[in-house]
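Working notes, structure below.
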Amino acid sequence: MSEASVTVTLPDGSQKQTAAGTPIGDFVRDSIGAGLAKAAVLARANGAFVDLSQKLDRDTKLEIFTTKAPEALETIRHDAAHIVADAVQRLFPGTQVTIGPSIENGFYYDFDRGQPFTEEDLAKIEVEANRIIAADIPFARTEVSPDEAIKLFSDKGEKFKVEIIQDIVGKGATVLSLYRHGDWIDFCEGPHGPSTGRVGVIKILSSSAAYWRGDHRNKTLQRIYGTAFFDKKGLDAWLKQREEAEKRDHRRLGKDLDLFHFHPFAPGSAFWTPKGTAIYTVLSSYMRHLALSNGYVEIKTPLLYNKGLWEISGHWGKYKENMFLVEDSEAKAAGDPDPHHFSLKPMNCPSHHIYYSFRKQSYRDLPLRLHTQDVLHRNEAAGSLGGLTRVRQFAQDDAHIYCREDQIAEEVKSFVKLLDHVYNAVGLKYSAKFATRPPQRIGDDAMWDRAEGSLKAALDALGLAYELKPGDGAFYGPKIDFDVSDSIGRKWQLGTVQLDYAAPERFDLTYVGEDGKPHRPVVLHRAIYGSFERFIAILIEHFAGAFPVWLAPLQVAIVTVTDRVNDHARKVMDRLAAVGVRVTFDDSNGTMQAKVREASLQKIPYTIVIGDKEVASDSVSVRTFGAAEQQKMETMPFDAFAERLVREAKYP
RNA sequence: GCUGGCGUAGCUCAACUGGUAGAGCACCUGACUUGUAAUCAGGAGGUCGCGGGUUCGAGUCCCACCGCCAGCUCCA
């Protein structure tokens with residue numbers, strides 16, 4: 001049989017011939033270069049990621065990923081998951097494997113084991129995993145039939161693997177791939193790197209419980225988190241970066257900068273210090289200013305409601321466990337078995353719907369945009385609370401827009417513009433997610449087509465990049481969520497805009513159209529900060545506590561050279577306060593140096609030093625936080641400084 | 001809510017295998033009156049998260065509860 005040849009097209013467009021059946025790795029080494037072959041981890045052949053051992057049996061568009069490519073790092077982290085699973089089964093026989101994907105900064109693997117892993121176990125696992133790396137065992141892919149695969153894992157007693165395989169077979173798979181390194185074998189789609197040695201180093205990070213298939217009714221598994229890099233240098237750099245990020249943690253800075261506290265008597269509800277309250281208030285006023293100048297009206301509504309409201313809204317059935325119920329003492333005295341007739345509101349929408357119905361609305365009133373910053377309570381699961389990002393008491397910069405269907409696109413557009421303005425003002429990078437109709441939903445397909453169409457039209461008109469999340473929408477309508485990351489890379493949802501066709505039905509909301517007949521409005525739920533608490537947490541981390549002047553809880557610290565000038569300093573403080581500047585003057589016993597240091601540690605934007613010279617000329621010596629050394633200090637007339645402060649304190 | 005870890009002064013931490021709690025910073029008082037990141041001296045401050053138990057004796061061991069942290073579930 002004569003050797004057929006295939007054409008390989010490389011990313012630069014060049015073409016090479018090679019014998020059919022040549023493994024990609026060999027082709028790279030022989031036809032491109034030994035250096036590339038050595039650095040190669042995986043390839044993309046005609047659009048699909050494949051192993052380097054894959055044979056070139058037809059004309060192929062080929063891309064090679066080396067250790068420099070993010071795709072390669074992701075692949076060796078997946079390799080690392082296999083290696084860790086191998087290590088665990090070597091060290092703890094009888095442990096069953098389940099799944100082990102690579103994730104954003106590493107990988108995890110879930111195991112079924114009678115007991116959790118201890119610190120010592122994890123240390124042993126890390127050593128064993130790195131030993132497997134040192135052994136440099138090749139990864140080999142084989143393809144088998146479903147029967148073979150099921151038999152293989154049944155014989156090993158790997159029940160979870162069998163379940164996964166049966167599932168995938170049930171979805172129509174006929175050929176399954178296995179990956180082996182040495183004696184250890186896993187059911188896995190791949191691709192993988194060439195050998196365990198290509199994974200430079202594995203670091204075990206933590207362990208925790210996880211539910212089988214993410215369902216809390218299922219068995220609890222033991223999850224091991226880890227990460228992997230091509231070399232120790234990469235790992236060390238990442239660990240260093242992680243350490244730096246942890247210093248920005250808002251819980252840490254909340255203490256250091258004295259912004260808020262928590263107490264065991266009110267888990268999940270913050271106590272705000274004067275400084276924290278200043279940030280809260282500035283953000284609140286800023287949002288009020290934006291809302292009122294963008295066609296919203298602000299209203300305040302009750303915090304406590306009779307359950308009748310929640311029965312209409314549907315919360316009583318679906319959301320009751322998350323609401324704080326309040327007992328009606330009269331009902332209780334009368335022998336009512338369940339006297340919890342009231343609840344603190346967990347969201348503003350039902351209050352707004354009631355407000356809407358207080359008068360007969362006309363098409364001329366639409367869009368009606370109701371803004372509210374009331375306090376909300378949600379009884380979150382104890383284990384999910386954490387810092388300011390997940391709390392039980394919070395306020396949203398909430399608004400509901402009641403409009404006609406043909407007004408949706410325009411309303412969404414101007415909302416996203418406003419959100420973009422706010423996020424840009426504080427320098428937050430966000431990513432948008434467009435969530436469409438879920439399997440469980442209300443309304444017919446025509447309605448969903450229109451709803452999703454309106455949102456998409458708005459997104460396209462704005463030219464905003466977004467990720468599509470099919471099936472992730474609320475049961476009552478599609479939505480766009482806006483996420484940002486905290487200092488250690490966890491993603492949090494802040495802003496959102498959701499279309500709601502259900503609420504107007506449930507609350508029987510109508511407006512009188514031009515035809516004089518009643519019509520159903522559509523409601524848009526929307527928030528920019530999301531919750532003040534979470535937004536502030538993100539801002540603290542984003543600015544590492546060094547807020548811009550307009551947001552800084554204290555904008556100016558006054559330090560005197562000698563207490564001879566303290567009276568003058570007090571006057572300076574009063575004059576600044578009179579023009580709205582948030583200023584502090586520490587007249588306690590202590591040196592100027594120590595006070596300058598303290599102001600700096602508190603990350604106050606400006607520290608002004610006053611001595612005899614400044615008193616004589618009514619000037620201030622200004623020290624700017626974070627400024628370069630040569631422009632750190634500057635003496636200027638008081639009026640010029642005050643004017644600068646007022647200017648910089650303006651809303652962005 | 002689930003799994004694991006943790007809980008000592010306002011903060012950051014120490015206290016050998018159970019022997020009866022200590023430091024730095026912060027705070028208070030006094031001295032110093034100083035020119036841009038820590039002046040010196042003295043003082044006060046803790047029923048070791050809460051409640052039981054084991055023990056001659058518990059911050060150290062056991063149980064239950066509360067809270068915090070990581071992850072899971074859920075979610076702004």
Side-chain angles (χ1 to χ4, degrees), chain A residues 103 108 110 113 115-119 121-122 205-225 249 251-252 255-256 258 261-268 319 321-322 346-348 376 378-392 394-398 481-484 488 490 492-496 498 525-535 537-538 557 559-566 588-602 607-614 621-625 629 632-635:
Chain A
I103 52 174
Y108 68 79
D110 285 348
R113 184 180 181 231
Q115 50 190 313
F117 294 103
T118 63
E119 288 289 317
D121 293 342
L122 297 180
L205 297 169
S206 62
S207 67
S208 74
Y211 301 107
W212 169 235
R213 299 200 150 166
D215 190 324
H216 67 278
R217 291 164 302 195
N218 288 344
K219 188 160 190 181
T220 294
L221 305 173
Q222 300 301 324
R223 174 172 297 181
I224 292 178
Y225 282 94
D249 190 312
R251 290 163 299 193
R252 173 80 260 138
K255 271 185 187 150
D256 292 346
D258 191 30
H261 298 276
F262 284 94
H263 190 278
F265 285 163
Y319 201 76
E321 302 75 52
N322 282 303
M347 43 192 71
N348 292 306
L376 304 174
R378 294 184 190 176
N379 197 358
E380 299 291 349
S384 68
L385 300 177
L388 289 174
T389 44
R390 195 67 190 279
V391 290
R392 287 190 174 142
F394 59 102
Q396 295 181 321
D397 62 320
D398 208 358
D481 285 335
F482 299 86
D483 291 357
V484 307
I488 55 173
R490 288 181 296 198
W492 294 99
Q493 187 197 317
L494 299 181
T496 185
Q498 313 185 352
H525 307 247
R526 43 108 297 165
I528 293 176
Y529 298 154
S531 86
F532 282 86
E533 281 74 4
R534 182 176 288 178
F535 194 69
I538 296 288
V559 174
T560 50
V561 178
T562 158
D563 46 16
R564 230 181 2 258
V565 298
N566 280 6
S588 70
N589 219 347
T591 59
M592 173 192 63
Q593 284 85 346
K595 289 175 185 177
V596 167
R597 177 171 188 271
E598 184 52 31
S600 197
L601 290 175
Q602 289 293 311
T607 301
I608 56 176
V609 173
I610 296 175
D612 290 326
K613 285 186 285 187
E614 286 76 17
S621 170
V622 181
R623 184 188 167 96
T624 307
F625 180 84
E629 208 54 48
K632 195 168 241 167
M633 286 176 288
E634 170 183 14
T635 297

Item to check | Rounded distance in Å - CG (Asn589(A)) to C1' (C27(B)) | outcome: 13 Å
Item to check | C1' spacing across the pair C66(B) / G52(B), given as an integer number of angstrom | outcome: 15 Å
Checklist entry - Between Arg113(A) and Asp121(A), is the closest basic N to carboxylate O distance under 4.0 Å? => result yes
Checklist entry - When we call it a touch if two heavy atoms are under 4.0 Å apart, what does Val391(A) touch: a base, just sugar-phosphate, or nothing? => result base
Next on the checklist: Roughly how many Å apart are G35(B) and G46(B), using the C1' atom of each and rounding to a whole number?
Outcome noted: 41 Å
Next on the checklist: Among A37(B), G35(B), C68(B), which nucleotide has an atom closest to any side-chain atom of Lys613(A)?
Outcome noted: G35(B)
Checklist entry - Please give, in whole Å, the distance from U34(B) C1' to Met592(A) CE? => result 7 Å
Next on the checklist: Side-chain N or O of Gln493(A) versus OP1/OP2 of A76(B): is the shortest distance under 4.0 Å?
Outcome noted: yes
Checklist entry - Hey, are Tyr211(A) and Arg213(A) close enough side-chain-wise for a donor-acceptor pair under 3.5 Å? => result no
Checklist entry - Donor-acceptor pair, Arg534(A) side chain versus Ala537(A) backbone, under 3.5 Å? => result no
Item to check | C72(B) phosphate, OP1 or OP2, under 4.0 Å from Ser208(A) side-chain N/O | outcome: no
Checklist entry - Contact class for Thr220(A) (heavy atom, under 4.0 Å): base, sugar-phosphate, or nothing? => result sugar-phosphate
Checklist outcome for this item: Here the distance between atom C1' of C75(B) and atom CG of Leu376(A), to the nearest Å, is 14 Å
Next on the checklist: When you measure from the side chain of Asp397(A) to the backbone of Ile528(A), do you find a donor-acceptor pair of N or O atoms at a distance under 3.5 Å?
Outcome noted: yes
Checklist entry - On a whole-Å scale, what distance lies between the C1' atoms belonging to G59(B) and C6(B)? => result 14 Å
Next on the checklist: Donor-acceptor pair, distance only, cut-off 3.5 Å: does the side chain of Asp483(A) make one with the backbone of Leu494(A)?
Outcome noted: no
Next on the checklist: Is there a side-chain contact between Arg390(A) and the phosphate of C74(B), meaning an N or O under 4.0 Å from OP1 or OP2?
Outcome noted: no
Checklist entry - Base, sugar-phosphate, or nothing: which does Asp481(A) touch, judged by heavy atoms less than 4.0 Å apart? => result nothing
Checklist entry - Contact class for Asp612(A) vs. all strands (heavy atom < 4.0 Å): base, sugar-phosphate, or nothing? => result base
Checklist entry - Rounding to the closest angstrom, what is the interatomic distance between A70(B) and U12(B) at atom P? => result 15 Å
Next on the checklist: Quick check against the 3.5 Å criterion: does Lys595(A) have a side-chain atom that pairs as donor or acceptor with the backbone of Ser588(A)?
Outcome noted: yes
Item to check | Check: Asn379(A)/Asn322(A) side-chain N/O donor and acceptor closer than 3.5 Å | outcome: no
Item to check | Base G4(B) paired with Glu119(A) side chain (donor-acceptor, <3.5 Å) | outcome: no
Item to check | Ser207(A) side, atom OG; Gln222(A) side, atom CD - distance, nearest 0.5 Å | outcome: 7.0 Å
Item to check | Between A23(B) and U33(B) - P atom distance, rounded Å | outcome: 31 Å
Checklist entry - Using a cut-off of 4.0 Å on non-hydrogen atoms, how would the nucleic acid contact of Ala594(A) be classed: base, sugar-phosphate, or nothing? => result sugar-phosphate
Checklist entry - How long is the line joining CG of Asp215(A) and P of U73(B), in whole Å? => result 10 Å
Item to check | Closest listed nucleotide, where the reference is the side chain of Leu601(A) and the choices are G71(B), A37(B), C74(B) | outcome: A37(B)
Item to check | Spacing between Arg223(A) atom CZ and C72(B) atom P, to the nearest angstrom | outcome: 6 Å
Item to check | Check: Gln498(A) side chain, A76(B) base, donor-acceptor under 3.5 Å | outcome: no
Checklist entry - What distance, rounded to whole Å, do you find between the two C1' atoms, one in C13(B) and one in A21(B)? => result 14 Å
Checklist entry - Which part of the nucleic acid, if any, lies within reach of Tyr225(A) when heavy atoms closer than 4.0 Å are counted: base, sugar-phosphate only, or nothing? => result sugar-phosphate
Checklist entry - What base-paired stems does RNA chain B take part in, with at least 3 consecutive Watson-Crick or G-U wobble pairs and both distances under 3.5 Å? => result B:1-7 with B:66-72, B:10-13 with B:22-25, B:27-31 with B:39-43, B:51-53 with B:61-63
Item to check | Side-chain N,O (Lys595(A)) to OP1/OP2 (U34(B)) below 4.0 Å | outcome: no
Next on the checklist: Let's test your reading of the model: under 3.5 Å, does the base of G1(B) pair with the side chain of Tyr211(A) as donor and acceptor?
Outcome noted: yes
Next on the checklist: Please check: side-chain N/O of Arg392(A) versus main-chain N/O of Glu380(A), any donor-acceptor pairing under 3.5 Å?
Outcome noted: yes
Checklist entry - Are Phe262(A) and Arg251(A) side-chain neighbours, meaning at least one heavy-atom pair lies under 4.5 Å? => result no
Next on the checklist: Under 4.0 Å, heavy atoms only, any strand: does Glu598(A) hit a base, just the sugar-phosphate, or nothing?
Outcome noted: nothing
Checklist entry - With nearest nucleotides of RNA chain B determined for Asp256(A) and Phe265(A) from heavy-atom distances, which residue corresponds to the more 5′ nucleotide? => result Asp256(A)
Item to check | Parallel, tilted or perpendicular: rings of Phe532(A) and Tyr529(A) (30°, 60°) | outcome: perpendicular
Next on the checklist: Heavy atoms only, 4.0 Å cut-off, all strands: where does Gly495(A) land among base, sugar-phosphate and nothing?
Outcome noted: nothing
Next on the checklist: Can you measure Leu221(A) atom CG to U3(B) atom P for me and round it to whole angstrom units?
Outcome noted: 13 Å
Checklist entry - U3(B) and C61(B): how far apart are their C1' atoms, nearest whole angstrom? => result 23 Å
Checklist entry - For the side chain of Glu380(A), counting heavy atoms from C-beta on, which of A70(B), C74(B), G67(B) is nearest? => result C74(B)
Next on the checklist: Without decimals, in angstroms, what is the distance between Phe262(A) CZ and G10(B) P?
Outcome noted: 19 Å
Item to check | Residue-phosphate contact under 4.0 Å: Arg251(A) side-chain N/O, C69(B) OP1/OP2 | outcome: yes
Checklist entry - Across the strands shown, which category fits Leu385(A) at heavy-atom distances under 4.0 angstrom: base, sugar-phosphate, nothing? => result sugar-phosphate
Next on the checklist: Between Arg597(A) and Ser588(A), which residue's closest nucleotide on RNA chain B lies nearer the 5′ terminus?
Outcome noted: Ser588(A)
Next on the checklist: Using a heavy-atom cut-off of 4.0 Å across all strands, would you classify Arg623(A) as base, sugar-phosphate, or nothing?
Outcome noted: base
Next on the checklist: Once you apply a heavy-atom cut-off of 4.0 Å, does Gln602(A) come out as touching a base, just sugar-phosphate, or nothing?
Outcome noted: nothing
Next on the checklist: Students often get this wrong, so: under 4.0 angstrom with heavy atoms, is Arg113(A) touching a base, only sugar-phosphate, or nothing?
Outcome noted: nothing
Checklist entry - Closest to the Gln222(A) side chain: G35(B), U3(B), C74(B)? => result U3(B)
Item to check | Euclidean distance, atom CZ of residue Arg378(A) to atom P of C74(B) [Å, nearest integer] | outcome: 16 Å
Item to check | Gap in Å between the two C1' atoms, one belonging to C16(B) and one to U60(B), rounded | outcome: 11 Å
